[in-house]
There are 2 protein chains.
Amino acid sequence: MQPQTLDHVMLALADPTRRAILDRLQREGEARVTDLAAPFAVSLNAVSKHIRLLERASLVRRRRSGREHFLSFNPAPLDEAAAWIEEKRAFWTKRLDALERALVEDDAAKQRLRKGRKR
Amino acid sequence: MQPQTLDHVMLALADPTRRAILDRLQREGEARVTDLAAPFAVSLNAVSKHIRLLERASLVRRRRSGREHFLSFNPAPLDEAAAWIEEKRAFWTKRLDALERALVEDDAAKQRLRKGRKR
DNA sequence: CCTACATTAAACCTTTTAGTTGAATATATG
DNA sequence: CATATATTCAACTAAAAGGTTTAATGTAGG
């Protein structure tokens with residue numbers, strides 16, 4: 001994957017219209033440009049441009065059939081994005097786990113102390 | 001979380017300098033603006049602006065101590081981003097699993113046919 | 001007090017995003 | 001063929017991103 005691809009994927013996801021387009025393609029499969037544009041308050045041309053950004057990120061594929069263009073969702077580029085984010089989250093989870101272990105250990109030590117005092 | 005926050009988080013991640021800054025803060029903990037800027041070929045002011053975008057997305061926190069500002073990584077906003085992406089990926093995995101099951105079932109049916117013919 | 005340091009603010013430039021409207025292109029259909 | 005439909009292209013505007021340089025602000029240290 002080219003180095004700027006992750007940039008393109010993240011940027012493509014940084015807009016509610018484009019995320020909604022991907023949502024729909026995921027739920028309903030192939031759709032035409034006109035169909036995709038219908039729910040939005042912007043022009044068909046604006047949606048056409050959004051689709052171009054999604055294509056640049058390889059998040060949608062285009063199949064031409066006569067005058068109609070059928071777009072479909074391609075989730076493959078999400079792998080790298082997910083990997084990047086999860087690596088950051090995994091680290092945090094590890095830190096939280098370590099904190100929890102420390103607290104549990106501390107608690108156990110206090111318990112031992114209490115028991116020791118009782119006897 | 002406000003509706004535009006996911007936009008800000010995704011946009012913040014759509015730049016290699018900002019991702020590198022988050023990487024470093026994750027690995028090494030707190031750092032000053034000057035320290036963060038050092039590895040990059042751009043001006044200190046450019047990095048200061050990148051940090052502002054990261055703060056807008058709540059991905060970094062700022063602690064002032066005299067004339068120094070210490071930045072730290074806040075992974076919390078990544079949750080929503082990861083959730084969005086994973087929901088899209090989970091769907092795809094499910095589809096692949098379904099496809100695999102269908103192929104295995106088809107194969108099993110062929111096996112049954114072959115065995116039936118032999119006997 | 002003076003000077004150096006850490007950082008932001010302000011002004012400016014260029015490129016990209018995001019949108020519009022109007023024309024062009026290609027394909028269906030009566 | 002004539003007309004309607006589906007889509008992009010081109011030109012334009014406005015705003016945001018990403019960068020620079022030159023102040024301005026605040027703090028630390030002799």
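Convention: sequence-line order gives letters A, B, ...; per-chain numbering from 1. Values reported hereafter were calculated over all heavy atoms of this structure, with side chains retained and with hydrogens, waters and symmetry mates removed.
B:R89 contributes no side-chain N or O that, together with a main-chain N or O of A:A76, makes up a donor-acceptor pair within less than 3.5 Å.
Note on A:H69: a side-chain N or O is less than 4.0 Å away from OP1 or OP2 of D:dT8. Neither OP1 nor OP2 of D:dG19 sits under 4.0 Å from any side-chain N or O of B:S43. OP1 or OP2 of C:dA18 has at least one side-chain nitrogen or oxygen of A:R18 nearer than 4.0 Å. Distances shorter than 4.0 Å separate some side-chain N or O of A:S48 from OP1 or OP2 on D:dT8. For C:dG19, one of the phosphate oxygens OP1 or OP2 lies less than 4.0 angstrom from a side-chain nitrogen or oxygen of A:H50.
Atom CD of B:E87 sits about 6.0 Å away from atom CG of A:D23, to the nearest 0.5 Å. Rounded to the nearest 0.5 angstrom, A:R27 CZ and B:K88 NZ are separated by 8.0 Å.
Contact annotation for B:R56: backbone-only contact, meaning every heavy-atom pair under 4.0 Å involves sugar-phosphate atoms and none involves a base. Note on B:L44: a base of the nucleic acid sits closer than 4.0 angstrom, heavy atoms only. Contacts of A:L11 with the nucleic acid, taken as non-hydrogen atoms under 4.0 Å apart, involve only primed sugar atoms and P, OP1 or OP2.
The environment of CZ in B:R61 is sparse: at most 12 heavy-atom neighbours from other residues, nucleotides or ligands sit within 6.0 Å.
Comparing C:dG19, D:dA6, C:dT7 by their nearest atom to the side chain of A:A46 picks out C:dG19. With C:dT20, C:dA6, D:dT7 as the candidates, the nucleotide lying closest to the side chain of A:V42 is C:dT20.
Both A:E68 and A:A41 sit near DNA chain C, but only A:A41 has its closest nucleotide nearer the 5' end.
The base of C:dT7 has none of its N or O atoms less than 3.5 Å from a complementary donor or acceptor on the side chain of B:N45. Judged by atom type and distance alone, A:R67 does not reach the base of D:dT7 through any side-chain donor-acceptor pair under 3.5 Å.
Spacing between atom NE2 of A:H8 and atom C1' of C:dT16 amounts to 10 Å, rounded to whole angstrom units. Atom-to-atom, NZ of B:K49 to P of C:dT7 comes out at 17 Å; the value is rounded to the nearest Å. With rounding to whole Å, B:R64 atom CZ is found 13 Å from D:dT25 atom C1'. In this structure, A:F70 places its CZ atom 8 Å from P of D:dT7, rounding to the nearest Å. A:E55 has its CD atom 12 Å from the P atom of D:dT7, to the nearest Å. Taking atom CG of residue A:D15 and atom P of nucleotide C:dT16, one finds them 18 Å apart after rounding to whole Å. Atom P of nucleotide D:dG18 and atom CE of A:M10 are separated by 14 Å, given to the nearest angstrom. Atoms CD (A:E30) and P (D:dA6) sit 16 Å apart, rounded to a whole Å.
In this structure the side chain of B:R24 reaches within 4.5 angstrom of the side chain of B:L36, judged on heavy atoms.
Salt bridge absent: B:R52 and B:E55 never bring a charged side-chain N and a carboxylate O closer than 4.0 Å.
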